[in-house]
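Below: the structure, in C-alpha cells.
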Amino acid sequence: MKKKICLAVVFVAVAGALGLGAVVVTTDSSSGIEASAAASETVVESEAEAEAEAEAEPEVAVPVGIMAEIPDIYYDNEAEEWTIPEGYYATDSMEKHLKRLNKNLKLNIQVNILDREFILQKYEIANMTDVTNGGIDYNTLYSWCKYIADGYGSATTFRSWNGEIVSLPTGDLTITETFTTYDVISQIYPAMLNFEDIELSFEPALGAKYIDCDLTNQKVFWFENGLCTLSTDCVSGKTSTPTPTGTFYIKNLLGRTCLNGPTWSTWVNNWSAFYKGCGLHDATWQSSFGLARWQAGYGSHGCVNLPLSVANEMKNHMEVGEAMVVYTR
C-alpha cells in the first residue's frame, strides 16, 4: 500500500511540472489513493515486476529459535552422537544444547551382578534422553533398571565361600528379591543428572547373615554382612543317608539335646535343625572332619557333624530364621 501511494504522488508531481494537464486523484476507505488510468497501469506494472523478481530469488534456510530447532535434532547411530540435518547450521544456543546432549552419551553407567555386567550403551542413553531440555527421562531409565532388578534381583545364584558362582537349590525357603529397581535407579538417576559416571555392584545374598554348607568340599561357613565370621570342616550324610540339599532356614538354637533314630540315641551339646530331622551339631565320636573322613565312609545319618569347639561357638554366629544353603557342585 505504501509503495502504491508513493508512486501515485510522484506521478502527480511530475505531470504538473510538465504541464500535462490536470490529474484526478480520488480516495476512498478501501483503496487509499488512486491516480489516473495511466498512473494505475504503471503501479500495477511495477508491482508485478517486483513480485517476479522476488520469486526468482533463491530460498535461503533461515535458522529459527532453539525450541523450534529441537525437533530437527536427531541421534546419528553411526557417529553415535546427536546432530542436526545437513543444510542447517547451529546457532549458539543450538551448539550449547548439542554439547549437553552429547555430554550425556559420554557417561559410563554400569551395574555388576555377580559375574554379569550391564553397561548402558550410547544408543540406550539417547533413547532415554529428553531432547527438549537435555535431561534424562526418568520413566525410560526406570524401565532399564527394572529389567535388571526383575531378572537378576532374586537370589537364584550366589557367590560361594571360594568365589565360585553356585546355583541355589530349591528347599523350604524361598529367597525373595535381594535388591529392587529403586536400589538401582535411586543411585543412577542423580549421577546421570550431574553428568557423573557410576558403577554399582550387587551380590544377590541370602540375607545379612547366612550359612554356606558346601557338601562337595565338606565345609561350612558362617557369613555376616559379606564377611566370614566362622568356618570349619564337617562330615555330612553318607551316600545311603545323604544330607538334603536346598535353601533352608535355621529352626532352633538348642543346647544339650538327645538325638533319637531307628537304632540309636545320642546326646549332643549343641543342636540347630534346618530341615526335618537334619541339623548342625557336634559329633565327638568323629576322630576328624573334612572330605577325607567323609570319603572313608564315616558319613552321618543326614546331619552335618561339627567339631565340638565350633558347635559351641556357632550360636554366637547365627540366629533362628537365617538362611542356610546346602549344595553340591
Taking the side chain from [X] and the backbone from [Y], do they hold a donor-acceptor pair closer than 3.5 Å?
X	Y	answer
N270	D282	no
S186	V184	no
W294	S300	no
Q121	I119	yes
D183	T180	yes

Hey, could you give me the [atom1]/[atom2] distance between [X] and [Y], rounded to the nearest 0.5 Å?
X	Y	atom1	atom2	result
I109	E199	CD1	CD	10.5 Å
N269	R256	CG	CZ	6.0 Å
F248	E322	CZ	CD	14.5 Å
Y275	T247	OH	OG1	12.5 Å
D197	L120	CG	CG	11.5 Å
K99	E95	NZ	CD	6.5 Å

A quick test of your reading: do over 12 heavy atoms of other residues, nucleotides or ligands sit less than 6.0 Å from [atom1] of [X]?
X	atom1	value
K315	NZ	yes
F118	CZ	yes
D92	CG	no
Y182	OH	no

Would you call [X] and [Y] a side-chain contact if the rule is heavy atoms closer than 4.5 Å?
X	Y	answer
M318	L230	no
N104	M192	no
S160	D212	yes
M314	V220	no
F274	V326	yes
M94	Y88	no
I188	L200	yes
M324	L280	yes

Do you know the tightest heavy-atom contact between [X] and [Y]?
X	Y	result
A126	W82	O-CZ2, 3.6 Å
C228	F221	SG-CD2, 3.8 Å
N252	A273	OD1-N, 3.0 Å
T129	I125	OG1-O, 2.6 Å
I198	Q187	CD1-O, 3.4 Å
N260	S265	OD1-OG, 2.7 Å

Establish whether [X] and [Y] are linked, either directly or via other cluster members, by ILVMFWY side-chain heavy-atom contacts under 4.5 Å.
X	Y	result
F289	L215	no
I250	L254	no
L308	V310	no
I211	V320	yes

### Task
From the options N127, L105, L101, select the one residue that forms a side-chain contact (heavy atoms from CB on, under 4.5 Å) with Y75.
L105
Side chain to side chain donor-acceptor pair (under 3.5 Å) against [X], all qualifying residues, sequence neighbours excluded:
X	result
R100	none
K209	none
K146	D150

### Task
Using only heavy-atom distances, determine whether the side chains of N112 and Q110 contain a donor-acceptor pair under 3.5 Å.
yes
### Query
For L259 and H301, what are the C-alpha separation, side-chain angles and deciding distance, and is it a side-chain contact (heavy atoms from CB on, under 4.5 Å)?
CA-CA 11 Å; L259 306 181; H301 294 99; over 6 Å; no
#### Entry: Stepwise side-chain contact (heavy atoms from CB on, under 4.5 Å) test for L141 and I185
CA-CA 7 Å; L141 176 61; I185 197 169; 4.1 Å; yes
### Pairs touching residues 223-232 that satisfy side chain to side chain donor-acceptor pair (under 3.5 Å), sequence neighbours left out
T229-H317
### Query
Does anything in residues 213-223 pair up under side chain to side chain donor-acceptor pair (under 3.5 Å), and if so which pairs, sequence neighbours excluded?
W161-D214, D214-N217, D214-R329, Q218-S236, K219-D233
### Message
Under the criterion side-chain contact (heavy atoms from CB on, under 4.5 Å), I'd like the reasoning laid out for H281 against N305: C-alpha separation, chi angles, the key distance, then a yes or no.
### Response
CA-CA 6 Å; H281 64 79; N305 292 179; 3.2 Å; yes
### Message
Could you go through W285 and T266, starting from their C-alpha distance and side-chain angles, then the distance that decides it, and tell me whether this counts as side-chain contact (heavy atoms from CB on, under 4.5 Å)?
### Response
CA-CA 10 Å; W285 56 88; T266 305; 3.4 Å; yes
### Query
Step by step, would you call Y138 with Y189 a ring-ring contact (aromatic ring centres under 6.0 Å, His included)?
CA-CA 7 Å; Y138 182 90; Y189 186 61; 4.9 Å; yes
### Query
In the hydrophobic clustering that connects Ile, Leu, Val, Met, Phe, Trp and Tyr at side-chain heavy-atom distances below 4.5 Å, which members other than W267 occupy its cluster, ordered by chain and number?
none
